[in-house]
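Numbering of ligands and ligand atoms starts at 1, following listing order.
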Amino acid sequence: MTGTFPAGFYWGAATAAFQIEGATKEDGRGESIWDRFAATPGAILTGETGDPAADSYHHYPDDIALMQQIGLNSYRFSIAWPRVVPDGDGAVNPKGLDYYDRVVDALLAAGIKPFVTLYHWDLPQALQDRGGWANRATVDAYLRYAEVVVKRLGDRVKQWMTHNEPWCISILSHELGKHAPGLQDTKIALQVAHHILLSHGKVVPIVRQHSPNAEVGIVLNLNPSYPATDTEADKRAADMFHAKFNLWFLDPLAGRGYPQSAWQDYSANVPHIAAGDMEAMTVPTDFLGVNYYSRAILHDPKGGVGKIVTRRNPVNMMSRGWDVAPHSMVELLTWLHKDYAYPKLMITENGATYDDVIWDGQIHDLARIDYIKQHLKVLPDLIASGVPLTGYFCWSLLDNFEWAEGTRDRFGLAYTDFTTQHRLLKDSGYWYKRVIQANAVVD
Ligand code: IFM
């Protein structure tokens, strides 16, 4: 059949601990920066916190049943550091580890391969009180935490992701102030980014040591950029966006250092780099995880000195205002393969938020199906052209706590009723099931 995917393709869905687990005070879990941030008036659009979110701490068997209903062969989720090491760098909480042990065993019993992200944004607050990721000591705390997790789960988990979206961890959270810990300081943000990349490089050998034959990589959110017009100002704006958003993370990992144009633009805010750091972060990995949702179109109305504005396509976008641009994903993956040559690439997140309506007990989310279909349709040819794409993880398995938007933005293949915690598969979930069964895009 044309348009089929290779045998063994990973068909998955993704979540993150803080977005689904709830139970933030249960069984010895410590406070995270997201608990503190969400409790700050005005930080979350809906005024919600991470409790109960989708209460997966108690409902994980329901979630695994959903995965089985869809027919997923893979599931990407993250470990909450404050559940495992409540104060970030001290005693291990056995109940926290036991929880993930149960989840992994239940996944394997259901025939679903676990893909584990070690850090998806929920830093223990006690570490933030000592400077968070801007403090180099947090790198060492992360390595100790990761070792505890991998020692416990590494006999069964064979796919590891060190960090999710370093741009969000650093810039969105420490320069733009939109995510926890809500700081607005470029210098701190860039030091955070540096320590995240460094900790990635240092943790890879630890994962390999305690999880024999495992594959390990990092997950980046990448955003192809285009000038809105042919003006030099817009072209410069697009290039600078690319340097700061994409290359700032890709290039150091590839041993190329930080991109010069962005380095100069950041001027006095550039990070402190200790001897050996750049070498440490270039450790070889098995794959690169790519989170792709949309593209950026850049317009600089003031001829190079004004603020960079991202303009979106007004006719074809999801409810959050991100435009739908599958061709940009093709360009991105083609370029990544050609220029960085990772042994494998995976789409570790892709999906869409739309306003879902329950109609006679069903959710006919045709717009979401269309979004996912458009992004899947282009992949078989891409793979045939030689791009080593081994998996696709839809964001998200179920509606959850969408960070600063609270539960307003629903990305799930399944609807979550946040009052009853009842899960209801949307039409997109049923459609995805048929895709997985056919190992090809179906109508
Ligand atoms: O919900 C997030 C996820 O945690 C990281 N990537 C983007 C998703 C949608 O905003």
Kindly confirm or rule out an N or O of [X] lying under 3.5 angstrom from an N or O of ligand 1.
X    : answer
E349 : yes
W322 : no
W403 : yes

Is the ring centre of [X] less than 6.0 Å from the ring centre of [Y]?
X    : Y    : answer
Y266 : Y258 : no
W34  : H179 : yes
Y119 : W121 : no

Under 4.0 Å from a heavy atom of [X]: which atoms of ligand 1 are those, numbered in the order shown and with their elements?
X    : value
N164 : 5 (C)
H120 : 3 (C), 4 (O), 5 (C)
E165 : 5 (C), 6 (N), 7 (C)

Before giving the answer on salt bridge (charged side-chain N to carboxylate O under 4.0 Å, His left out), spell out for R152 and D98 the whole-Å C-alpha distance, their side-chain angles and the decisive distance to 0.1 Å. CA-CA 9 Å; R152 178 68 177 266; D98 290 349; 2.8 Å; yes
Which protein heavy atom lies closest to atom 8 (C) of ligand 1, and at what distance to 0.1 Å? Y293 OH, 3.4 Å
Give the residue, atom name and distance (to 0.1 Å) of the protein heavy atom nearest atom 10 (O) of ligand 1. E402 OE2, 2.6 Å
Heavy atom of E405, distance to ligand 1 below 4.0 Å: no
So is R423 actually on top of Y415's ring, under 6.0 Å and inside 45° of the axis? no
Students often mix this up, so state it plainly: with edges at 30° and 60°, are the rings of Y292 and H375 parallel, tilted or perpendicular? tilted
Applying the side chain to side chain donor-acceptor pair (under 3.5 Å) test to N291, which of N350, N223, T348, N221 qualifies? T348
